[in-house]
Chemist: 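Before I ask anything, let me first share the structure, which is written out below as structure tokens.
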Amino acid sequence: MRRRSLLIAVPAGLATLAACGDDKSDSSKASDSTSPSPSSSAPPPPAPKIVDGPLPAVTAGVKFGEKPTVAKGTGDPSKDLAVKTLIAGGGTTIAEGDYIQAHYLGQIWNTAKVFDNSYDRKTALVIQLAQNSIIDGWRYALAGKKAGSRVLFSIPPTWGYGKGGNAQAGIKGTDTLVFVVDVQAAFNAKSSAKGTKVAQGDAALPKVGTNTDGKAPSIEIPKADAPTKLVAEYVIEGDGDKVTAENSLLVQYKGVVWDTGKEFDSTYKRGQLASFSLQQVVKGWAQGLTGKKVGSRVLISIPPKLGYGDNPPAGSGIKKDSTLVFTVDILAKM
């Protein structure tokens with residue numbers, strides 16, 4: 001089992017895509033980790049004052065993407081949120097509610113004890129900077145920074161784990177935390193696939209738009225019978241890692257019914273990205289996205305037996321035994 005960060009909260013499954021009668025989730029995987037997930041859903045404290053220091057020095061691993069070594073804090077830490085950009089990136093500016101993909105290391109101010117780091121796991125954290133998804137110090141420290149940046153910051157208990165601390169991580173309620181975060185990428189409601197367009201030459205299959213401007217791509221249904229087997233084809237082929245059946249994903253998507261072309265679900269319309277485990281969705285999604293590369297746009301045509309069959313979600317507008325067509329942009333593995 002891959003060890004997950006304690007910083008994160010378990011991503012919610014999608015209501016429309018959730019597999020009927022499937023109680024599997026990532027909750028069992030979250031219990032063996034230490035990351036910036038909040039320890040409670042209590043009302044957040046007021047926004048902190050952001051100051052320049054004091055902050056301990058990074059003494060080794062000073063390049064972006066390298067595992068850093070951070071000195072022990074000297075003297076008393078700030079009661080405010082101390083933030084310093086060590087390396088300024090030139091990518092997307094991060095805003096509250098965005099998702100980030102980042103490597104990080106966290107340690108305790110007065111002992112320099114490292115309680116968590118993603119560098120050793122060789123898997124970047126993908127997390128939403130939103131209340132109850134991550135500790136508040138991260139939300140405030142990273143807002144306004146750009147992808148490609150390395151940011152050093154210290155978080156007093158008020159904007160960390162509070163007076164209760166985090167016993168699993170060995171964090172006391174009085175501990176100030178120090179983080180180094182390398183922000184690899186940022187994703188928002190306008191994020192799209194990135195890759196090479198793939199020819200769509202089969203006249204019997206739907207045609208999907210190839211725009212990457214953050215607007216919903218079109219889906220043109222042919223005047224033909226729906227396939228009886230699962231279809232999963234690249235529209236845009238990315239160059240990221242291949243998706244496995246155990247992965248959780250961050251995506252943009254739109255779904256329509258083959259027979260009518262009627263849209264029944266869309267992240268573009270909601271203006272909000274979706275995250276979910278492939279073990280929590282209908283079989284057609286799980287099978288269709290397994291093996292595809294991160295960064296890709298994928299056309300998926302799902303026959304009823306791999307979709308909702310004769311039991312579609314109430315209020316979805318999907319009739320029994322409908323073939324469903326999706327365009328899915330795989331933005332990141334979580």
Side-chain angles (χ1 to χ4, degrees), residues 14 16-17 187-243 245 247 249-276 278 281-309 312-313 316-333:
L14 303 177
T16 304
L17 293 173
F187 306 97
N188 56 39
K190 294 187 178 298
S191 295
S192 293
K194 294 181 180 180
T196 303
K197 296 178 183 178
V198 176
Q200 302 178 68
D202 191 337
L205 293 179
K207 299 295 184 292
V208 175
T210 57
N211 58 296
T212 55
D213 56 1
K215 296 180 180 179
S218 59
I219 301 177
E220 298 178 9
I221 305 295
K223 294 181 179 179
D225 292 337
T228 57
K229 295 182 179 181
L230 178 70
V231 175
E233 302 286 350
Y234 283 121
V235 176
I236 297 173
E237 185 173 356
D239 61 1
D241 293 340
K242 288 187 177 181
V243 174
N247 285 151
L249 301 179
L250 179 67
V251 302
Q252 288 266 39
Y253 73 91
K254 183 174 87 171
V256 304
V257 178
W258 181 290
D259 288 342
T260 64
K262 181 180 178 181
E263 180 180 306
F264 60 85
D265 198 8
S266 171
T267 56
Y268 302 95
K269 184 169 289 186
R270 290 195 297 273
Q272 185 176 10
L273 303 179
S275 61
F276 56 86
L278 286 185
V281 295
V282 294
K283 291 180 180 179
W285 261 68
Q287 294 177 17
L289 294 179
T290 297
K292 296 296 189 285
K293 298 175 184 177
V294 173
S296 299
R297 176 170 297 166
V298 182
L299 160 70
I300 310 177
S301 175
I302 303 178
K305 64 183 179 181
L306 296 178
Y308 298 114
S316 66
I318 302 171
K319 294 182 179 180
K320 293 181 179 180
D321 298 321
S322 290
T323 293
L324 309 179
V325 180
F326 288 93
T327 172
V328 184
D329 284 11
I330 309 171
L331 302 178
K333 293 199 297 185

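The chain is numbered in sequence order, starting from 1.
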Chemist: Please check if the distance between the ring centroids of F326 and F264 is under 6.0 Å.
Modeler: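 When the ring centroids of F326 and F264 are compared, they turn out to be within the sub-6.0 Å range.
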Chemist: For the side chain to side chain contact (heavy atoms under 4.5 Å, CB included) test, which of V325, L289, L306 pairs with I300?
Modeler: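 Considering V325, L289, L306, a side chain to side chain contact (heavy atoms under 4.5 Å, CB included) with I300 is found only for L289.
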Chemist: Can you tell me how far the CG atom of D241 sits from the CG atom of N247, to the nearest 0.5 Å?
Modeler: 9.0 Å
Chemist: Side chains of K319 and V257: closer than 4.5 Å at any heavy-atom pair?
Modeler: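 K319 does not reach V257 side chain to side chain.
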Chemist: Is the count of non-hydrogen atoms from other residues, nucleotides or ligands lying under 6.0 Å from K194 atom NZ greater than 12?
Modeler: no
Chemist: Would you mind writing out the side-chain donor-acceptor pairs for residues 221-232 within the sub-3.5 Å range, not counting sequence neighbours?
Modeler:
none

Chemist: Checking T267 side chain against Y253 main chain: does a donor-acceptor pair fall under 3.5 Å?
Modeler: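 Yes; at least one donor-acceptor contact below 3.5 Å.
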Chemist: S218: which residues meet the side chain to side chain contact (heavy atoms under 4.5 Å, CB included) condition with it, sequence neighbours left out?
Modeler: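 With sequence neighbours excluded, S218 shows a side chain to side chain contact (heavy atoms under 4.5 Å, CB included) to no residue whatsoever.
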Chemist: So, the side chain of T290 versus the backbone of Q287: is there a donor-acceptor pair under 3.5 Å, distance only?
Modeler: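 Side chain of T290 to backbone of Q287, a donor-acceptor pair under 3.5 Å: no, none is there.
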Chemist: Any side-chain heavy atom of Q252 sitting closer than 4.5 Å to one from L273?
Modeler: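 With C-beta onward as the side chain, the pair touches.
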Chemist: To the nearest 0.5 Å, what is the distance between CD1 on I302 and CH2 on W258?
Modeler: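 Output value for this atom pair is 12.5 Å.
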Chemist: What residue pairs, at least two apart or across chains, pass side chain to side chain donor-acceptor pair (under 3.5 Å) with a residue in residues 293-307?
Modeler: E237-K293, R297-D329
Chemist: Please report the closest heavy-atom contact between T323 and P303, naming both atoms and the distance.
Modeler: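 The pair with the smallest heavy-atom distance is OG1-CA, 4.1 Å.
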Chemist: Holding to side chain to side chain contact (heavy atoms under 4.5 Å, CB included), I want the full list of residues that pass it with T196, two or more places apart in sequence or in another chain.
Modeler: none
Chemist: Using the test salt bridge (charged side-chain N to carboxylate O under 4.0 Å, His left out), find all partners of E233 that sit at least two apart in sequence or belong to another chain.
Modeler: none
Chemist: List the atom of L249, the atom of V251, and the distance in Å for their closest heavy-atom pair.
Modeler: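 Of all heavy-atom pairs spanning L249 and V251, the closest is CB-CG1, 3.9 Å.
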Chemist: Give a yes or no on whether the backbone of I318 and the side-chain of S316 come within a donor-acceptor separation of less than 3.5 Å.
Modeler: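 The answer is yes, because a donor-acceptor pair under 3.5 Å joins these two groups.
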Chemist: Would you tabulate the side-chain donor-acceptor contacts of residues 202-215 under 3.5 Å, counting partners in other chains and residues two or more places apart, or write 'none'?
Modeler:
from : atom 1 : to   : atom 2 : distance (Å)
D202 : OD1    : A204 : N      : 3.0
K207 : NZ     : D202 : O      : 2.8
K207 : NZ     : L205 : O      : 3.3
N211 : ND2    : D213 : OD1    : 2.8
N211 : ND2    : K215 : O      : 3.0
D213 : OD1    : K215 : N      : 3.0

Chemist: Against T327, only a single residue in V235, I219, L299 fulfils side chain to side chain contact (heavy atoms under 4.5 Å, CB included); can you say which?
Modeler: I219
Chemist: List the residues meeting salt bridge (charged side-chain N to carboxylate O under 4.0 Å, His left out) with E263, not counting sequence neighbours, and say none if there are none.
Modeler: K269
Chemist: Tell me every residue that passes side-chain hydrogen bond (donor to acceptor under 3.5 Å, both in side chains) with K254, counting only those two or more places apart in sequence or in another chain.
Modeler: none
Chemist: Could you give the distance from CG (L250) to CG (L331), rounded to the nearest 0.5 Å?
Modeler: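 One gets 5.0 Å once the value is rounded to the nearest 0.5 Å.
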